[in-house]
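Below: one structure, written as structure tokens.
Please read all numbers here as calculations on a predicted model, not as lab measurements. Lettering follows sequence order; numbering is per chain, from 1.
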Protein chains: 2
Amino acid sequence: MSAAPDLLFRTLADPTRRAIFERLCREGEQTVGALTARSGVSQPAVSKHLGALKQAGLVRDRHEGRQTHYSARPGALNPLIDWTGQMAGFWQRRLDALDDLLKRMDQ
Amino acid sequence: MSAAPDLLFRTLADPTRRAIFERLCREGEQTVGALTARSGVSQPAVSKHLGALKQAGLVRDRHEGRQTHYSARPGALNPLIDWTGQMAGFWQRRLDALDDLLKRMDQ
DNA sequence: GTAATCCATAACCAGGGAGTTATGAATAAA
DNA sequence: TTTATTCATAACTCCCTGGTTATGGATTAC
């Protein structure tokens, strides 16, 4: 299971791309032009990043005339949340087991 | 804030490296040799990945004789959990605001 | 109809990073 | 002491990707 975390990690690893995603989360729907304005990179670069984000299921696009509006997609981060939860769970479980063992040795 | 998520995302983006980290989470402390055995890559590659994981604060190492034991570091994922929580919070807040607006318009 | 705007795609380039083999330092075993 | 084991580092290669400029299609404005 969990081929999903792979794509998510890879997609969010790039700072520029992650910044775009963060802006969409904070400020809601934005056009490509608006995103390009404060991204520090060219418009084609932004378009490529948006393509990657879309393919990872992190954003949606909505065409309206000659401009495209992008918005963050709630729930897309769930696999990531699940993964971190699992990892945290594993060492927690081992700590519990250790705790148990110590208690039994103590008796 | 949050230079930490950047390093974490970058470090966990590589599948081989993430697999090593997962094994350390699931099965606890491991030597480099043990990790290399089922990693599918050479020992130097594993060592490099472990170096990256260590630098990101994701693992600890413990030298014992001529072998080095690595273990996952609980709490290292916290910045990641915080970040996802923030992102989820943003759109949640906007949904609430929208809900509010609709309610007021309804009255 | 013509000009201007918005965006996506193509083509290309450069840097980084993940992999390899070779090697050496440190420790354990003989 | 000599040999074998374990790991880290160095040096190198190759590919992937994020950036660029150039361009074109679609839409809006004049």
Side-chain angles (χ1 to χ4, degrees), chain A residues 3-24 27-73 80, chain B residues 3-24 27-73 80:
Chain A
D6 192 83
L7 186 55
L8 286 185
F9 273 118
R10 245 191 348 213
T11 305
L12 293 172
D14 181 75
T16 307
R17 190 157 49 223
R18 198 172 58 257
I20 291 175
F21 178 68
E22 287 186 14
R23 276 197 59 192
L24 290 177
E27 310 169 13
E29 195 178 69
Q30 308 261 341
T31 73
V32 176
L35 289 171
T36 301
R38 271 176 299 166
S39 67
V41 296
S42 67
Q43 172 266 312
V46 172
S47 275
K48 256 205 270 185
H49 284 306
L50 287 169
L53 288 169
K54 183 180 171 186
Q55 191 165 8
L58 285 164
V59 301
R60 302 172 53 87
D61 60 344
R62 178 175 69 82
H63 298 280
E64 182 179 325
R66 67 184 166 188
Q67 49 194 4
T68 313
H69 299 259
Y70 283 88
S71 55
R73 197 158 156 169
L80 231 159
Chain B
D6 192 83
L7 186 54
L8 286 184
F9 272 118
R10 243 192 348 211
T11 305
L12 293 171
D14 181 74
T16 306
R17 189 157 51 224
R18 198 171 57 253
I20 292 176
F21 178 69
E22 287 186 15
R23 276 197 59 192
L24 291 177
E27 310 168 14
E29 196 178 69
Q30 310 260 341
T31 73
V32 176
L35 289 170
T36 301
R38 272 176 300 168
S39 69
V41 296
S42 67
Q43 173 267 312
V46 172
S47 274
K48 253 204 274 184
H49 283 307
L50 288 169
L53 288 169
K54 182 181 172 187
Q55 193 165 6
L58 285 164
V59 301
R60 303 171 54 86
D61 59 345
R62 178 175 69 83
H63 298 280
E64 181 180 326
R66 65 185 166 187
Q67 48 194 5
T68 313
H69 300 258
Y70 282 88
S71 55
R73 198 159 154 167
L80 232 160

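Between A/F9 atom CZ and C/dG17 atom P the separation is 18 Å, expressed in whole Å. Remark: C1' of C/dG17 and NE2 of B/H49 are 10 Å apart, rounded to the nearest angstrom. One atom, CG of B/L53, and another, P of D/dA8, lie 12 Å apart when rounded to the nearest Å.
Residue A/T16 places no side-chain N or O under 4.0 Å from the OP1 or OP2 atom of D/dG18. OP1 or OP2 of D/dA8 has at least one side-chain nitrogen or oxygen of B/Y70 nearer than 4.0 Å. In this model, the phosphate group of D/dC7 is not approached by any side-chain N or O of B/H69 to a distance below 4.0 Å at OP1 or OP2. For the pair B/H63 and D/dC7, the criterion of a side-chain N or O lying under 4.0 Å from OP1 or OP2 is not met.
Closest to the side chain of B/D14, out of D/dA8, C/dG19, C/dT5, is C/dG19. Among the nucleotides C/dC7, C/dA18, D/dC7, the one closest to any side-chain atom of A/S47 is C/dC7. Closest contact between the side chain of B/P44 and the listed nucleotides D/dC7, C/dA18, C/dA22 involves C/dA22. Which of C/dA18, C/dC6, D/dC7 sits closest to the side chain of A/Q67 comes down to C/dC6. In the set C/dG19, C/dA4, D/dA8, C/dA4 carries the atom at the smallest distance from any side-chain atom of A/R66.
Residues A/R10 and A/E64 both approach DNA chain D. Their nearest nucleotides, taken by heavy-atom distance, put A/R10 toward the 5′ side.
Using a 4.0 Å cutoff on non-hydrogen atoms, the parts of residues 35-43 of chain B near DNA chain C are B/V41, B/S42, ordered by number.
Expressed to the nearest 0.5 Å, how far CZ of B/F21 lies from CG of B/L53 amounts to 7.5 Å. For the atom pair CD (A/E64) and OG1 (A/T31), the distance works out to 10.0 Å, reported to the nearest 0.5 Å.
Remark: the B/K48 side chain and the C/dG17 base include no donor-acceptor N/O pair separated by less than 3.5 Å.
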